[in-house]
Structure formats: C-alpha cells, structure tokens
*Asks:* 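The following block contains the structure, expressed as structure tokens.
Whatever order the structure lists ligands and atoms in, that order sets their numbers, starting from 1. It should be emphasised that the depicted structure is a prediction, and the values quoted were computed from it without experimental measurement.
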Amino acid sequence: MNQSSSDRRQFLQTVAGGVVAGLLPSGQPVHAQTTAASDFLLSEGLAYLNTGTIGPCRRATIEATQGAWEVLEANPVAHYGRDVGQPLIEDTRTLAAGFLGCDLDELALTTSTTNGMNAIAQGLRLAAGDRVLLTDQEHSGGLHCWQYLERHHGVKLDIVPIPRGEFRAAELVAAVENAIRPDTRVISVSHVLSSTGLRMPIVELAALAKSRGVLCVVDGAQAVGAIRVKVRELGCDAYATSGHKWLMGPKGTGLLFIAKDAQPLIRPMALEESYRTSSNGTGVVNLPGILGLGEAIRYLDKADMTQVETHNLELRNTLAERLRAIEGLTLVSPPAGALASPLLTALLAERFDRATVSQRLLERHQIVIRPTHAEFGFNGIRFSLHEFNTTHDVERAVEAVRRELGA
Ligand SMILES: Cc1ncc(COP(=O)(O)O)c(C=O)c1O
C-alpha cells in the first residue's frame, strides 16, 4: 500500500468512526422511526419552525464535520491533498447529483444559493441590452446577481408582479409569458417563493422558456430538502440551492446544477476547468463542511424525499387550518395543493408588528419563526415545517400565536 492510500484509509477510519465516508449507518430514516429531539443540538424546549431561514444540523452531521476537521488538522497538508481529501469530497458531489437527479458533470458544490446564482449570472456573459425576467418576489440571493449585471453591464431587468392571492398556475405562467420580449435571454425565478411559500410552476415555465429560446434559471433555496426536487424533471437550465437550509447541512454549503445543454452558454469562472469540488477555479474548499453535507444528504435520501415532503405538507396544512381560525391573521400562502410548500405565511392585522410578535413567540413561548422580509412589503410571520417537526410543535405554535394576538 502506498503512502497516500494508507493516509486515506487512516482518514476514513478515524473520521467519525467512518460515518463521513458512508461506511457506517448513520441516522435512521425519519419515517422508519420518530425523530428524536436529541438527534439535534437545539436548545431544550425550543420549537424550531424557521428552517427556511437556516436549518439545524443533525448530531450525526455535526459529528461528521467535526470529526473530519479534527483529523484534517492533525496533518493538514497530508489529509487535504488530492489523494486523501479530494476523493472524499467528490463523494458528496456524487451523492448530491443523485439526490437532485442529474449527472455528476452537471453538479458543482458551492457555499450558498447566492453563490450559485452569482456563478450562473456571471457565467452567462450577457451583453448590454440583454433582458432578464424576474418576479417581484425574488429574494436578494437570487436578485443581487442580476442587479449587478444591470448596474455594471447594461443588462435590463423586467419584473413580473405576482399578485397576492394568485394561486392559478396557468395565470402565473401567462404573466411570465406576456413579459417575454425579443431581447429576453433569461427567466430567473424562485422554485418556492420565500415570501409566501408559493411553489412556482417550474415545469411549465421551463417549457415556456425553451419554446422561446430563453434560459430558465431557478433559485431553489426554499425547495431542496423541503420537497422532492429532481432537476431533470423540472427541465430548467440551471438550479442553485443551499446546503444550510432544508438539507440541514453545515452552514456555508450549497449545490449548483447546470444542465449539459446549457453549459456552453453558462460558464462560471470557478467551473471553467472542471465541475470537481476543488480545482484551479475554486482554490481551497471547506472539506469538513462538505463531508458534513454528504452526511446530511445521505440522511434525507434514506428518509426518502417523497415521504419527507408528505410529512412536511401535512404539518403545514394542519397549521394552516388552525391558524385560519385565529382573528388578526390572514393566510397569504396557497391553499393545500400543487402550489403549496412547507413554508406558510400569515399576514398580521395592522395593530400588530411582525418583529414584535416573532420576538414574543421566542421569548415567551420558545417558538422560532421569522417576520416576513421587509422588501416584500407586508406585515407577516412565516413558519417552516420540516421533517423533525411534529404535530406537537404545530399545536404549541397555534396556542402561542393565539395568546400573543389576544384571540
Ligand atoms: C429564495 C431564496 N433565495 C436565496 C436565499 C439565500 O440563500 P443563501 O443564504 O444560501 O445564499 C434565500 C434565503 O432565505 C431564499 O429564501
């Protein structure tokens, strides 16, 4: 055995007892057993309903990350190198490609959704006068990159309003279609809107884009890990998401898909040489975090995303029904059905302030949610329901909201 393979073996044996490389079974699938609060490091008694902002890591993910880091630091150069560390992080990329349903050479690891969207926008090399079509509900993570091109490269942005309460897929697609102009090069939309949790009809939008010779780029920050996402089935050209939200991976991780057909058009600087996780285009990457992300993806894969999605939507629908009965709240998320997602948003009556309500839910009831984003211009609160949440969390949230609103 040469030195590098013995280093690799030692690394595998030492790191979290082999969990990192998938050598040992880690967390059980969530629906084969009840997720225990002890699977996480969440403070005791906390009902965490804010995965859409940032997800909690499972203990096994933290151990995989921490274990890898400790071993790495024993001899950074030996363990980091091409022969030991690099093949291991490629395991995460392989897992991620399988999870998203694309080929390995279509999938790159990033540090966030924003980082992935930046790579797409920068890699497109649009010219002055080219147009990008967006909705008025895009999160800054999927908007900033286009605004940069507008500011510095003369690219034009067309913004399609999504009217509140518009939950008909055909109308949403028609609104986008009507905004396409001869110079439109890209349609860039969120898969799930962070404002209301509306699940955009991406299959139809991607087909529309294709029929008009336009690229379809998707910000999937609020979708991957929350619902079953297979990028090939969606038919989009590029898709960016976060590891640190619904995938429950380490913070500062993300996934980026660029379809093979679109790769000649979208050429991010970091991926010019290769889609491998570490290359001349990327420089040094966060090896422990990437190994931890692999562990997190492996867990959800085993849990089966179809089941996870069903669980999340059931909780979300229960919460929606219960909140609907509370005075002072108006739901602005879609009704149960094809456009619903595990994000649920409620508008507060004017007499309430969303930041104060959210703060009180935390301080008085140990319930973590988020006030709606200032840029979307409405006074609301948003709940995220994920696979570790339970009907008990939902009951607690309903009771706490009822009390805080004096209903
Ligand atoms: C729709 C959407 N896009 C992008 C982001 C930014 O994600 P990241 O911090 O991973 O860049 C968020 C975060 O909430 C989001 O909701």
*Asks:* For ligand 1, give me the residues whose heavy-atom distance to it is below 4.0 Å, by chain and number please.
*Replies:* Gly52, Ser112, Thr113, Thr114, His139, Gly141, Ser190, Ser194, Asp219, Ala221, Gln222, Ser242, His244, Lys245
*Asks:* Tell me yes or no: between the side chains of Thr53 and Arg382, is some donor less than 3.5 Å from an acceptor?
*Replies:* yes
*Asks:* Thr372: what forms a side-chain contact (heavy atoms from CB on, under 4.5 Å) with it, not counting sequence neighbours?
*Replies:* Thr345, Arg354, Phe378
*Asks:* Among all residues two or more places apart in sequence or in another chain, which pass the side-chain contact (heavy atoms from CB on, under 4.5 Å) test with Glu399?
*Replies:* Arg402, Arg403
*Asks:* In terms of side-chain geometry, is the basic nitrogen of Glu321 or Arg324 positioned less than 4.0 Å from the acidic oxygen of its partner?
*Replies:* no
*Asks:* Of all residues at least two apart in sequence or in a different chain, which pass the side-chain contact (heavy atoms from CB on, under 4.5 Å) check with Arg276?
*Replies:* Gln86, Glu90, Arg93, Ser274
*Asks:* In this structure, is the centre-to-centre distance between the rings of Tyr239 and His191 below 6.0 Å?
*Replies:* yes
